[in-house]
Every structure is written in structure tokens, then in C-alpha cells.
Amino acid sequence: MALNVCSRLTRSIVGVLAGRSVIPVTRQLTTTSCRIHLRCLQHIRFIRCDGTSLRNFSSSSQPSVEVTYEQLKKLLLSETTVVIDVREPWELREYGNIPGSINVPLGQLNGALQLTPDEFKEKYGGAMPSQSQTVVFTCLAGVRSKKGMETAVSLGYTKAQHFSGGWQKWAERELIQTKE
């Protein structure tokens with residue numbers, strides 16, 4: 001029975017998506033089969049799920065949360081984008097960093113994004129992003145940057161993205177461009 005309810009709910013969600021960008025759900029979804037259906041929908045980027053209820057439906061016109069190398073290069077030229085590297089300072093010293101990025105270790109990110117802009121600038125050496133500004137998170141290989149992005153979204157940052165390739169992809173692509 002729970003599977004039938006979830007199947008009907010899934011079909012209803014897809015049917016309503018065409019006309020709305022946000023659909024509130026008042027009923028809590030707790031069964032395992034519902035979570036499976038939600039995960040399927042999540043993979044096709046219709047929704048984000050917090051594990052217990054639907055939180056956010058977005059249309060296909062919304063920007064992707066993953067940024068490619070080429071997109072990051074363009075965003076770095078834009079004065080409206082802030083790039084935050086969530087690696088530890090020793091990693092930046094050992095491997096290098098993306099020029100123009102601000103280092104805020106992942107463990108400090110939640111508190112850092114709640115500082116005043118002056119406190120943020122003093123502690124991290126760069127301008128604090130506003131909640132409506134495009135913020136791209138990066139790390140070594142893309143795992144921590146995704147967690148950083150999720151932290152920012154939970155704090156109300158509406159244009160949070162992450163560079164899934166991380167420093168490894170950046171260094172590889174920069175080396176290729178240097179040789180050309």
C-alpha cells in the first residue's frame with residue numbers, strides 16, 4: 001500500500017512540475033519505498049530531498065549546482081562570483097590554489113558564513129558573499145566542495161554551486177593550456 005501511495009505521489013509531482021517552481025508538501029514521507037522514489041526523482045534533478053520530506057522543486061531553467069572547468073574560468077572573470085576553497089591551509093601550500101579563491105576550511109564554513117562582512121574579510125582575506133550572490137565551492141577532488149555547497153544552501157545561499165573537479169582537474173587543465 002505504501003508503494004502505491006508513493007507511486008501516485010511521484011506521478012503527481014511530475015505532473016505538477018511543468019507549472020510550478022516550488023511545491024510545498026505537508027505530509028511527511030517516511031517509508032523506505034518513498035525514499036527510493038524520491039532518490040529516483042532526485043537523480044533527474046527535479047527535487048532535492050532532506051530524507052524525510054520534499055524541500056525544493058526547481059525548473060530546468062535553474063542553474064546546475066556543478067560547475068565545469070570552463071564555467072569556473074568564466075566565473076572567475078566575473079566580479080560578482082566568489083570562489084571559496086574549503087581545503088585546509090596546508091593543502092593549499094602543498095598543492096596550490098585557484099587564483100582568486102578564498103580559503104575557508106570546511107570545518108569553519110558554517111560559522112564563517114554567519115560572520116559580518118567585516119569579520120569575514122578580516123579573518124579570511126576576501127569579500128564575504130551575499131546570500132543572493134553566486135558562490136562556487138572547490139576542494140581537492142570535489143567531495144568537500146559539495147558539502148560546502150550544501151552548508152551554504154542550508155544557510156540561505158540561493159546560488160551556491162561547486163566545482164566537482166576540484167584542484168586536481170584545475171591543475172590538470174591549466175597544465176594542458178600552458179603547453180599549448
Side-chain angles (χ1 to χ4, degrees), residues 21-22 24 42 45-180:
S21 60
V22 177
Q42 187 177 28
R45 294 184 189 261
F46 283 159
I47 63 170
R48 293 181 186 170
C49 178
D50 65 5
T52 58
S53 64
L54 299 177
R55 286 187 353 167
N56 183 24
F57 285 82
S58 61
S59 67
S60 60
S61 65
Q62 294 285 342
S64 172
V65 295
E66 289 188 15
V67 175
T68 65
Y69 168 80
E70 292 79 13
Q71 291 169 326
L72 182 58
K73 290 283 279 191
K74 289 178 186 172
L75 289 171
L76 282 167
L77 298 174
S78 161
E79 293 185 18
T80 60
T81 300
V82 175
V83 178
I84 297 178
D85 192 323
V86 296
R87 294 180 290 160
E88 295 297 320
W90 69 265
E91 292 178 273
L92 274 68
R93 288 189 301 270
E94 186 169 327
Y95 301 112
N97 66 316
I98 296 172
S101 64
I102 301 169
N103 180 227
V104 181
L106 184 60
Q108 299 175 23
L109 187 62
N110 191 9
L113 293 177
Q114 296 180 59
L115 295 173
T116 66
D118 290 337
E119 291 170 330
F120 185 93
K121 187 169 188 160
E122 183 179 325
K123 185 165 185 172
Y124 298 105
M128 180 176 177
S130 69
Q131 290 187 332
S132 61
Q133 194 171 13
T134 301
V135 185
V136 179
F137 294 90
T138 184
C139 62
L140 186 64
V143 176
R144 288 175 285 177
S145 62
K146 188 170 185 179
K147 289 181 183 178
M149 178 193 67
E150 291 168 354
T151 298
V153 168
S154 75
L155 293 171
Y157 285 80
T158 57
K159 295 181 181 175
Q161 301 175 317
H162 81 107
F163 176 44
S164 57
W167 170 255
Q168 291 173 337
K169 177 63 85 180
W170 178 269
E172 173 188 306
R173 294 295 299 267
E174 288 294 299
L175 183 62
I176 290 170
Q177 281 193 343
T178 306
K179 287 182 178 179
E180 290 178 354

J.: Determine whether a donor-acceptor pair (N or O, by modelled atom type, separation under 3.5 Å) exists between the side chain of Thr81 and the backbone of Ser78.
T.: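 A pair under 3.5 Å: no.
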J.: Report yes if the side chains of Asp85 and Ile102 come closer than 4.5 Å at any heavy-atom pair, otherwise no.
T.: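 Not in contact.
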J.: Just wondering, do Leu155 and Asn110 contact through their side chains at under 4.5 Å, heavy atoms?
T.: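 Answer yes - side chains close enough.
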J.: Please confirm whether the backbone N or O of Gly111 pairs with a side-chain atom of Gln114, one donor and one acceptor, at under 3.5 Å?
T.: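 Pair absent, no side-chain N/O of Gln114 close to backbone of Gly111.
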J.: Is Leu140 close to Tyr95 at the side-chain level, that is, under 4.5 Å between some pair of heavy atoms?
T.: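 Of all side-chain heavy-atom pairs linking Leu140 with Tyr95, at least one is under 4.5 Å.
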J.: Let me confirm one number: the CZ-OG1 distance from Arg87 to Thr138, rounded to the nearest 0.5 Å.
T.: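 OG1 of Thr138 is found 6.5 Å from CZ of Arg87.
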J.: Under a 4.0 Å threshold between the charged nitrogen and the carboxylate oxygen, would Glu91 count as salt-bridged to Arg144?
T.: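 Result for this pair is yes, salt bridge flagged.
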J.: Donor-acceptor pair, distance only, cut-off 3.5 Å: does the side chain of Gln133 make one with the backbone of Thr80?
T.: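 Indeed, once roles are kept as given, a pair shorter than 3.5 Å links the two residues.
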J.: Say you draw a straight line from CG of Asn97 to CZ of Arg93; how long is it, rounded to the nearest 0.5 Å?
T.: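 Reported value, rounded in 0.5 Å steps: 11.5 Å.
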J.: Hey, is Lys73 close enough to Glu174 for a salt bridge, meaning N to O under 4.0 Å?
T.: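 Yes, Lys73 and Glu174 are salt-bridged.
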J.: Might you point out which heavy atoms bring Ser132 and Lys159 nearest each other, and give the distance in Å?
T.: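 For Ser132 versus Lys159, the nearest heavy atoms are O-CD, 3.2 Å.
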J.: Would you say Trp167 and Cys139 make side-chain contact, with heavy atoms under 4.5 Å?
T.: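 No, every pair of side-chain atoms sits at 4.5 Å or beyond.
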J.: Where is the tightest heavy-atom contact between Glu66 and Ser164, given as atom of each residue plus distance?
T.: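 It is OE1-OG, 3.6 Å.
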J.: If the test is side-chain contact (heavy atoms from CB on, under 4.5 Å), which one of Val135, Val82, Val67 qualifies with Leu75?
T.: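 When side-chain contact (heavy atoms from CB on, under 4.5 Å) is applied between Leu75 and each of Val135, Val82, Val67, only Val67 qualifies.
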J.: Would you say CD of Glu70 has more than 12 non-hydrogen atoms from neighbouring residues, nucleotides or ligands within 6.0 angstrom?
T.: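 Above 12, so yes.
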J.: Could you pull out the closest heavy-atom pair between Asn103 and Pro89, with the gap in Å?
T.: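 In terms of heavy atoms, the two residues are closest at OD1-CG, 3.6 Å.
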J.: Where do Phe137 and Ala160 come nearest, in terms of heavy atoms and distance?
T.: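 Answer, listing the atom of Phe137 first, then Ala160: CE1-CB, 4.2 Å.
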J.: Closest approach of Leu113 and Met128, non-hydrogen atoms and distance?
T.: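 Closest approach of Leu113 to Met128, heavy atoms only: O-CE, 3.1 Å.
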J.: Classify the angle between the aromatic ring planes of Phe163 and Trp170 as parallel (below 30°), tilted (30 to 60°) or perpendicular (above 60°).
T.: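 Ring orientation of Phe163 relative to Trp170: perpendicular.
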J.: Could you walk me through whether Leu109 and Val86 pass the side-chain contact (heavy atoms from CB on, under 4.5 Å) test, one step at a time?
T.: CA-CA 8 Å; Leu109 187 62; Val86 296; 4.3 Å; yes
J.: Taking only distance into account, with no hydrogens and no angle test, what donor-acceptor pairs under 3.5 Å do side-chain atoms of residues 119-127 form with protein atoms, sequence neighbours excluded?
T.:
{"residue": "Glu119", "atom": "OE1", "partner": "Thr116", "partner atom": "N", "Å": "3.0"}
{"residue": "Glu119", "atom": "OE1", "partner": "Thr116", "partner atom": "OG1", "Å": "3.2"}
{"residue": "Tyr124", "atom": "OH", "partner": "Gln108", "partner atom": "OE1", "Å": "2.8"}

J.: Could you give the side-chain donor-acceptor pairs of residues 146-153 under 3.5 Å, partners two or more places apart or in another chain?
T.:
{"residue": "Thr151", "atom": "OG1", "partner": "Lys147", "partner atom": "O", "Å": "3.0"}

